[in-house]
Amino acid sequence: MAQDNSPNKTTPVNHRRSRTKFTQDQLKILIKAFDKNPYPGYATKQKLALEANTEESRIQIWFQNRRARHQKKSEPDEDLESSQDQDHLEEEIQSREDRRSRTNYTSLQLHALIEAFSNNPYPGFDSREQLAKEIGVPESRVQIWFQNRRSRFHAQRKSEPDDGDLEQRQDQEQDL
DNA sequence: CCTAATCTGATCATAACCATTATGATCAGCTCATTAGG
């Protein structure tokens with residue numbers, strides 16, 4: 001496997017995951033799949049990960065970035081598919097492939113996640129991976145869990161009874 | 001219903017190059033993004 005994990009690097013404790021460098025061969029595979037379907041399901045992404053010898057989570061990120069940047073580049077003229085277009089207003093085709101099956105966390109795992117979250121809602125890659133190893137789930141699931149948790153946590157902010165004199169501003173003291 | 005999975009869009013950050021660009025990684029989502037599985 002081409003997993004290089006240089007541990008001797010001044011210990012970048014809480015950093016993001018190192019950049020993945022795709023080869024031309026890998027990009028060829030990904031681009032071809034993207035042209036075929038920009039919204040691959042989990043099975044397709046896993047197949048691509050195997051074929052390109054990378055991780056499924058990297059495939060996911062790559063497709064997200066690709067959609068955001070290479071979305072509608074051409075003009076929408078030759079986009080129409082002639083036949084097969086009888087009625088598309090009520091019965092929408094769920095073209096989406098199957099997504100990854102839901103992860104079921106045990107109370108023990110949840111406990112560890114919640115505790116880690118209270119310590120640091122923004123764990124870096126190393127922290128995420130360590131935690132993932134401890135509770136026995138993939139790091140990508142840990143990352144998703146933190147994203148969802150933060151989203152819900154931030155939402156609580158709205159039902160705060162302010163005392164009128166509390167003028168709030170966006171204080172993003174994001175220490176790093 | 002709850003919440004994991006997924007999505008868009010913006011932004012940060014890094015590997016190429018030598019100030020700029022391309023692109024991978026991460027973030028929020030607002031009176032809480034949307035979709036969907038158990």
Side-chain angles (χ1 to χ4, degrees), chain A residues 2-6 9-10 12-31 33-34 37-46 48-49 52-73 91-114 116-117 120-129 131-132 135-162 166-176:
Chain A
Q3 179 68 8
D4 56 317
N5 201 14
S6 11
K9 190 67 179 305
T10 326
V13 186
N14 248 3
H15 264 58
R16 45 173 66 189
R17 157 190 249 112
S18 56
R19 265 180 91 97
T20 302
K21 182 64 174 146
F22 292 116
T23 67
Q24 287 299 326
D25 287 344
Q26 288 174 316
L27 286 177
K28 206 155 68 176
I29 293 169
L30 293 175
I31 291 170
F34 183 89
N37 179 14
Y39 295 90
Y42 179 59
T44 301
K45 280 183 283 196
Q46 264 201 329
L48 286 170
N53 190 28
T54 184
E55 299 174 33
E56 181 268 342
S57 59
R58 299 309 93 205
I59 304 277
Q60 171 104 315
I61 298 297
W62 186 88
F63 271 84
Q64 286 178 189
N65 281 323
R66 178 92 177 172
R67 283 198 303 266
R69 286 157 179 164
H70 288 240
Q71 202 176 357
K72 293 301 181 264
K73 199 50 88 81
E91 208 60 36
E92 188 52 53
I93 339 119
Q94 51 270 74
S95 47
R96 295 291 163 82
E97 302 176 7
D98 288 341
R99 48 169 66 185
R100 170 196 289 264
S101 57
R102 260 180 95 96
T103 300
N104 283 317
Y105 293 109
T106 67
S107 53
L108 217 66
Q109 290 171 326
L110 271 171
H111 186 72
L113 286 165
I114 290 169
F117 185 87
N120 180 16
Y122 296 91
F125 176 65
D126 291 340
S127 304
R128 290 199 307 266
E129 210 166 49
L131 179 59
I135 65 179
V137 302
E139 178 273 339
S140 60
R141 297 309 91 206
V142 173
Q143 184 164 29
I144 295 299
W145 187 89
F146 272 83
Q147 284 176 6
N148 281 325
R149 185 78 177 184
R150 283 197 304 266
S151 189
R152 191 169 302 111
F153 178 78
H154 288 153
Q156 286 184 4
R157 179 185 176 75
K158 78 99 178 175
S159 65
E160 187 60 26
D162 51 329
L166 243 291
E167 204 58 62
Q168 77 296 348
R169 304 133 297 122
Q170 67 287 3
D171 47 333
Q172 61 237 10
E173 75 267 25
Q174 198 84 1
D175 57 324
L176 48 113

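Computed from heavy atoms alone, side chains included, the values below leave out hydrogens, waters and symmetry copies. Just so we're on the same page: letters track the sequence lines, and every chain starts at 1.
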Return the minimal non-hydrogen interatomic distance between A/Asn104 and A/Gln109, and the atom names on each side.
O-OE1, 4.0 Å
Looking only at heavy atoms, the pair that brings A/Tyr105 and A/Leu110 closest together is CB-CG, 3.8 Å
Between the side chain of [X] and the main-chain N/O of [Y], is any donor-acceptor distance below 3.5 Å?
X	Y	result
A/Glu56	A/Ala49	no
A/Gln26	A/Ala52	yes
A/Arg100	A/Tyr42	no

[N] [atom2] sits how many Å from [X] [atom1], rounded?
X	N	atom1	atom2	value
A/His70	B/dG9	NE2	P	15 Å
A/Glu56	B/dA5	CD	P	10 Å
A/Phe22	B/dA25	CZ	C1'	11 Å
A/Glu55	B/dA25	CD	C1'	13 Å
A/Gln60	B/dT6	CD	C1'	7 Å
A/Leu110	B/dC2	CG	C1'	12 Å
A/Ile61	B/dC7	CD1	P	11 Å
A/Tyr42	B/dA4	OH	C1'	13 Å

When rounded to the nearest Å, what value does the distance between [atom1] atoms of [N] and [M] take?
N	M	atom1	result
B/dT34	B/dG9	P	13 Å
B/dC1	B/dC30	P	24 Å
B/dA15	B/dG38	C1'	43 Å
B/dT11	B/dA5	C1'	23 Å
B/dT26	B/dT31	C1'	25 Å
B/dC17	B/dA13	P	23 Å
B/dC2	B/dC27	P	26 Å

OP1 or OP2 of [N] under 4.0 Å from side-chain N/O of [X]:
X	N	answer
A/Tyr105	B/dC2	no
A/Thr103	B/dA5	yes
A/Trp62	B/dG24	yes

Which residues share a side chain to side chain contact (heavy atoms under 4.5 Å, CB included) with A/Arg19, sequence neighbours left out
none
Quick check on DNA chain B: between A/Arg58 and A/Pro38, whose nearest nucleotide comes earlier from the 5' end?
A/Pro38
With nearest nucleotide decided by heavy atoms, which residue, A/Leu27 or A/Gly41, maps closer to the 5′ end of DNA chain B?
A/Gly41
Given the rule that a pair is Watson-Crick or G-U wobble with both distances under 3.5 Å, how would you write DNA chain B in dot-bracket, using | for pairs to a different strand?
((((((((((((((((...))))))))))...))))))
Flag the pair [X] / [Y] as yes when at least one side-chain heavy-atom distance between them is below 4.5 Å, and no otherwise.
X	Y	value
A/Val142	A/Glu129	no
A/Ile135	A/Leu108	no
A/Ile144	A/Arg141	yes
A/Gln64	A/Gln60	yes

Of the listed nucleotides ([options]), which one gets closest to any side-chain atom of [X]?
X	options	answer
A/Arg19	B/dC7, B/dT26, B/dA22	B/dA22
A/His15	B/dT14, B/dA25, B/dA33	B/dT14
A/Asn65	B/dA10, B/dA13, B/dT3	B/dA10
A/Arg150	B/dA28, B/dT6, B/dA5	B/dA28
A/Arg152	B/dT14, B/dA36, B/dT3	B/dT3

Would you state whether a donor and an acceptor, one from the side chain of [X] and one from the base of [N], lie under 3.5 Å apart?
X	N	value
A/Asn104	B/dA4	no
A/Arg67	B/dG9	no
A/Arg99	B/dT35	yes

Using the six-membered ring wherever Trp is involved, compare the ring planes of A/Phe34 and A/Phe63 and label them parallel, tilted or perpendicular (cut-offs 30° and 60°).
tilted
Counting the atoms with a prime plus P, OP1 and OP2 as sugar-phosphate, which does A/Arg66 contact under 4.0 Å by heavy atoms, base, sugar-phosphate, or nothing?
nothing
Have a look at A/Arg100 and say if it touches a base, only the backbone sugar-phosphate, or nothing, with a 4.0 Å heavy-atom cut-off.
sugar-phosphate
Strictly below 4.0 Å, heavy-atom distances to any atom of DNA chain B: list the hits from residues 141-149 of chain A, or just say none.
A/Arg141, A/Gln143, A/Ile144, A/Trp145, A/Asn148
Test log, rule side chain to side chain donor-acceptor pair (under 3.5 Å), inputs A/Thr44 and A/Glu97
CA-CA 8 Å; A/Thr44 301; A/Glu97 302 176 7; 2.6 Å; yes
